[in-house]
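Single-structure report; data block below.
Both counts, for ligands and for their atoms, begin at 1 and track the order of listing. Nothing here was measured: the structure is a model prediction, and the numbers come from that model.
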Amino acid sequence: MDKYLTELAKSILFTAARPEIVMECGKGMYLWDSSGKKYLDFIGGWAVTCLGHCPEAISKALKNQSDLLINASPAFFNKPMLEFAQLLTNISCFDRVFFASSGAEANEGAIKLARKYGAKYLNGAFEIITTVNGFHGRTLATMSATGKKHWDVLFEPKVSGFKHVPINDIDAVYQSVDSNTCAIMLEPIQGEGGVYSLNEEYVKDLRKLCDNKGILLIFDEIQTGIGRTGKMFAYEHYKIEPDIMTLAKGIGGGFPLSAMLTKEKLNIFDAGDQGGTYCGQPLAMAVGLAVVNEVINKKLPQNALVQGQYIIDSLNGIKEKCSLKNIRGLGLLIAFDLPYENGSKIVSECLKEGLIINSPKPSTIRLMPPLIVTKNEIDIMIDILCKVIPKQFH
Ligand SMILES: *Cc1c(COP(=O)(O)O)cnc(C)c1O
């Protein structure tokens with residue numbers, strides 16, 4: 001980062017510790033910074049750039065749509081909005097779509113819809129059961145839904161009405177459900193929490209419990225949706241259908257876009273209950289439509305499954321040399337634990353070597369590359385890990 005850019009950075013409100021580099025351009029699996037240094041990207045814009053950086057499908061959609069219509073206001077339908085909603089209902093078990101711009105906003109929509117359902121059909125039940133170590137976003141309500149220990153005392157008072165249970169413990173859910181409960185909301189694989197999957201029996205039991213009690217099952221697929229886990233949506237692995245699903249990250253391929261999908265029986269909002277200036281905005285709709293069509297046409301969920309297995313096998317191959325533990329994940333959402341709590345040091349050393357990875361916890365490394373990743377790039381990534389990790393043993 002040169003003097004000029006360092007000076008400019010003083011105008012940014014601090015919210016994150018960022019390295020002293022400025023990203024300038026990207027193509028496919030690679031990013032380049034302002035000094036021309038090249039990086040292999042294994043975080044994919046935070047599980048977002050599913051088609052890689054600057055794919056033609058997105059630039060074409062943006063160009064065409066921006067020549068046609070950028071914003072007609074949320075008071076009107078627009079054509080890409082209708083086409084995109086129909087595509088999403090065609091490829092999923094859902095009947096209705098609400099569009100927004102960020103994951104947290106989609107989850108706010110899901111929370112409000114569950115409370116509306118509780119008010120209408122469950123004698124005013126409003127409580128939502130979520131999970132310990134889960135993640136649902138950074139607005140006030142989604143922070144309350146999130147089960148991050150370190151957030152418990154932040155920005156008090158919290159939005160009330162959330163109870164947290166550990167995952168894969170159905171008894172804990174039974175003990176928490178009461179007449180105030182309107183929904184259970186969770187990620188099929190906890191992403192920010194460090195890649196922990198729900199097991200199949202637990203999900204089937206959750207579905208049964210929700211059916212028996214008449215409450216809603218909400219899947220936050222913001223990280224797992226759109227092919228990331230090897231199926232278009234992670235709920236398909238469990239052979240159940242949630243009542244509500246939220247999507248973001250991959251759905252826009254890097255463009256700010258999110259969606260909440262639900263069944264016909266939950267088409268219960270009254271006019272004005274939910275919305276936003278950019279909900280269903282034509283540019284975002286055209287991009288989302290192009291991205292999801294590309295994911296389908298290029299069979300990227302299948303590629304995620306194949307390459308994900310290759311990453312797991314490759315990590316197992318360097319497991320001894322690098323003292324890796326608990327190699328886990330599904331498709332291209334993968335994590336492993338380190339022998340020491342030095343994840344951020346490993347991330348910064350890899351960055352020097354031209355590899356971008358993520359450490360969601362001090363002893364954990366997470367990989368979430370674009371869905372277009374190939375074996376060649378995986379081999380390069382593994383070589384860099386092999387070079388960096390053993391050097392940090394002490
Ligand atoms: C990233 C994420 C969110 C929040 O999405 P934003 O777009 O950052 O608001 C919510 N839930 C899950 C599972 C996520 O991974």
* Roughly how far, to the nearest 0.5 Å, is CD1 of Ile382 from CD1 of Ile318? -> 4.5 Å
* To do: For ligand 1, find out whether one of its N or O atoms is nearer than 3.5 Å to an N or O atom of Gln223.
  => yes
* Asked: Tell me: protein heavy atom nearest atom 5 (O) of ligand 1, and distance?
  -> Gly103 CA, 3.3 Å
* With sequence neighbours left out, write down each residue that passes salt bridge (charged side-chain N to carboxylate O under 4.0 Å, His left out) with Lys3, or none if nothing qualifies. => none
* Is there any N or O on Ala248 that sits under 3.5 Å from an N or O of ligand 1? -> no
* **Distance-only polar pair, side chains of His164 and Thr130, donor-acceptor under 3.5 Å** => yes
* Asked: Leu330 and Leu332: same hydrophobic cluster, using ILVMFWY side-chain contacts below 4.5 Å?
  -> no
* Asked: Given that the side chain starts at C-beta and the backbone is N, CA, C, O, which of these parts of Asn107 lies under 4.0 Å from ligand 1, counting heavy atoms, or is it both or neither?
  -> side chain
* Asked: When only distance counts, is Glu105 in polar contact with ligand 1, meaning an N/O pair under 3.5 Å?
  -> no
* Please confirm whether Gly137 comes within less than 3.5 Å of ligand 1 when only nitrogen or oxygen atoms on both sides are compared. => no
* Asked: Which bit of Trp46 is near ligand 1, meaning a heavy atom under 4.0 Å away: side chain, backbone, both or neither?
  -> neither
* Structure fact -> atom 11 (N) of ligand 1: closest protein heavy atom, distance to 0.1 Å, is Asp220 OD2, 2.8 Å
* **Under 3.5 Å side-chain donor-acceptor pair for Thr374 and Glu377** => yes
* **atom 9 (O) of ligand 1 [closest protein heavy-atom partner, distance rounded to 0.1 Å]** => Ala104 N, 2.7 Å
* Asked: Quick one: which ligand 1 atoms are inside 4.0 Å of a heavy atom on Glu187?
  -> 13 (C)
* Measure Lys249 to ligand 1 on non-hydrogen atoms and call it side chain, backbone, both or neither using the 4.0 Å cut-off. => side chain
* **Pair listing, side chain to side chain donor-acceptor pair (under 3.5 Å) test, anchored in residues 71-85, at least two apart** => none
* is_close_aromatic(Tyr278, Phe99), centroid dist under 6.0 Å -> no
* Structure fact -> Within 4.0 Å of some non-hydrogen atom of His136, the atoms of ligand 1 are 10 (C), 11 (N)
* To do: Could you verify whether a donor N or O on one side chain and an acceptor N or O on the other, from Asn107 and Asp220, lie under 3.5 Å apart?
  => yes
